[in-house]
Number of protein chains: 2
Amino acid sequence: MKPLPRHGDPRCPAVRNLLQTIGSKWSVIVALHLSAGPHRFSELKRSVGGVSQKSLTTCLRELERNGLVERVVTPSVPPRVDYALTELGETLMEPLKALTAWAVRNECAVAQARARFEEAEEAEPEKQPAAV
Amino acid sequence: MKPLPRHGDPRCPAVRNLLQTIGSKWSVIVALHLSAGPHRFSELKRSVGGVSQKSLTTCLRELERNGLVERVVTPSVPPRVDYALTELGETLMEPLKALTAWAVRNECAVAQARARFEEAEEAEPEKQPAAV
DNA sequence: CAGTATCCAACTGGATACTG
DNA sequence: CAGTATCCAGTTGGATACTG
């Protein structure tokens with residue numbers, strides 16, 4: 001419909017897809033852990049903390065499906081499975097870390113904005129000017 | 001509980017919060033639209049496309065709550081409301097655009113990874129070695 | 001125009017139990 | 001160990017109707 005083939009098109013499926021992937025609850029955390037080197041499933045589960053097996057599996061599969069993470073199986077007994085960032089995954093880390101760095105740098109500013117917002121909300125009893 | 005005050009901690013609430021915010025379905029698209037200049041509510045609704053009033057409102061409120069977007073009301077009849085990025089919001093655009101640029105640059109690589117992944121899935125009928 | 005309110009379907013993610 | 005399968009609660013987001 002709209003002739004926006006410019007690569008900056010925010011509706012670009014690729015962008016939506018990436019945001020879908022990294023927007024899920026654990027993917028970025030997992031990816032950041034993996035950027036420090038390969039990890040086994042249970043290692044990840046422990047070090048990430050608070051994630052269920054199912055969610056971690058889903059998350060890793062999704063990362064794997066998009067070519068960001070590689071699953072390396074060592075057919076021993078018991079089986080050993082390592083997860084590692086692919087080269088593609090590595091290249092994502094740079095912009096991703098820039099984003100998380102922004103989050104940390106501006107943590108206070110955001111917190112202040114929230115405080116202001118909530119204050120403004122409470123000071124808005126226009127529909128109930130008098131009560132109690 | 002957990003003594004991880006290192007600012008690189010992926011579990012950092014600020015990071016989780018930012019990802020929560022920009023991970024929602026429309027926020028990044030809306031933010032990118034606003035990075036081109038202020039827009040009215042209905043303008044946004046039209047230009048973003050496919051978003052419901054409720055979702056757009058929720059999205060804008062969330063962005064506003066985090067201090068990324070400013071709501072400017074002109075008390076005319078009918079009322080006019082403009083949304084614009086705040087300075088803080090502007091600073092987020094840089095890492096965010098880096099991320100979307102990555103998505104566009106690597107669109108093909110991701111698509112190929114997906115194709116490979118699905119292929120590998122289909123070639124995995126170990127539990128049903130013979131069929132049809 | 002710029003919302004709010006309500007209802008509802010789909011998806012996300014956790015807990016639990018079971019398997020190779 | 002590294003999952004899969006199932007169930008279930010909470011959240012997200014769309015459709016619709018109504019309001020100042």
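Sequence lines set the chain letters: A, B, ... in the order given, protein chains first and strands last, and positions in each chain run from 1. Every heavy atom of this structure was used, including side-chain atoms; hydrogens, water molecules and symmetry mates were not.
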Looking at [N], I'd like to know if its phosphate oxygens (OP1 or OP2) sit under 4.0 Å from a side-chain N or O belonging to [X].
| X | N | value |
| --- | --- | --- |
| A/S42 | D/dA2 | yes |
| B/R61 | C/dG3 | yes |
| B/Y83 | C/dG3 | yes |
| A/R40 | D/dA2 | yes |
| A/S52 | C/dG14 | yes |
| B/R71 | C/dA2 | no |

Does the plane of the ring in B/H39 sit parallel, tilted or perpendicular to the ring in B/H33? Use 30° and 60° as the thresholds.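 Answer is perpendicular, since the angle exceeds 60°.
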Given D/dC1, D/dG3, D/dG20, identify the nucleotide with an atom nearest to the side chain of A/P79.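 Nucleotide nearest to A/P79's side chain: D/dC1.
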If you check the B/S55 side chain, which of D/dG3, D/dC7, D/dG14 turns out closest?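 Out of D/dG3, D/dC7, D/dG14, the nucleotide with an atom closest to B/S55's side chain is D/dG14.
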Tell me the interatomic distance from [X], atom [atom1], to [N], atom [atom2], rounded to whole angstroms.
| X | N | atom1 | atom2 | result |
| --- | --- | --- | --- | --- |
| B/K45 | C/dG3 | NZ | P | 13 Å |
| B/E62 | D/dG13 | CD | P | 10 Å |
| A/L56 | D/dG3 | CG | P | 9 Å |
| B/H39 | C/dC1 | NE2 | P | 15 Å |
| A/D82 | D/dA2 | CG | C1' | 12 Å |
| A/L44 | D/dG3 | CG | P | 10 Å |
| B/I29 | D/dG13 | CD1 | P | 11 Å |
| B/F41 | C/dG3 | CZ | C1' | 6 Å |

Does A/E62 pair with A/R65 as a salt bridge, N-O distance under 4.0 Å?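 Result for this pair is yes, salt bridge flagged.
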Are A/E43 and A/R46 ion-paired here, with the side-chain N under 4.0 Å from a carboxylate O?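 Judged by the 4.0 Å cut-off on N to carboxylate O distance, A/E43 and A/R46 do not form a salt bridge.
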Distance only, no hydrogens: is a donor on one side chain within 3.5 Å (strictly under) of an acceptor on the other, for B/S27 and B/S24?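 Looking only at side-chain atoms, B/S24 and B/S27 do form a donor-acceptor pair, the distance falling under 3.5 Å.
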Just by distance, no angles: are the side chains of A/R114 and B/N17 close enough, under 3.5 Å, to form a donor-acceptor pair?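 There is such a pair between these side chains.
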Any heavy-atom pair between the side chains of A/L99 and B/I22 that's under 4.5 Å?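 In contact.
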Classify B/Q20 by what it touches in the nucleic acid, base, sugar-phosphate, or nothing, heavy-atom distance under 4.0 Å.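 Sugar-phosphate, backbone atoms only, no base.
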Under 4.0 Å between any heavy atoms, over every strand shown, what does A/S24 touch: base, sugar-phosphate, or nothing? Just pick one.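 The answer is sugar-phosphate, as A/S24 gets under 4.0 Å only of primed atoms, P, OP1 or OP2.
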When you match B/G23 and B/P78 each to their closest nucleotide on DNA chain D, which lands nearer the 5' end?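 Comparing both residues, the 5'-ward one is B/G23.
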Residue whose closest nucleotide on DNA chain C lies nearer the 5' end, A/Q53 versus B/L60: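 Whichever sits nearer the 5' end wins; that is B/L60.
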Counting Watson-Crick and G-U wobble pairs only, both distances under 3.5 Å, name the nucleotide matched with D/dA15, or none.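 D/dA15 is paired, partner C/dT6.
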Tell me if the side-chain of A/K25 makes a donor-acceptor pair with the base of C/dG13, cut-off 3.5 Å, by modelled atom types.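 Checked by distance alone, the answer is no.
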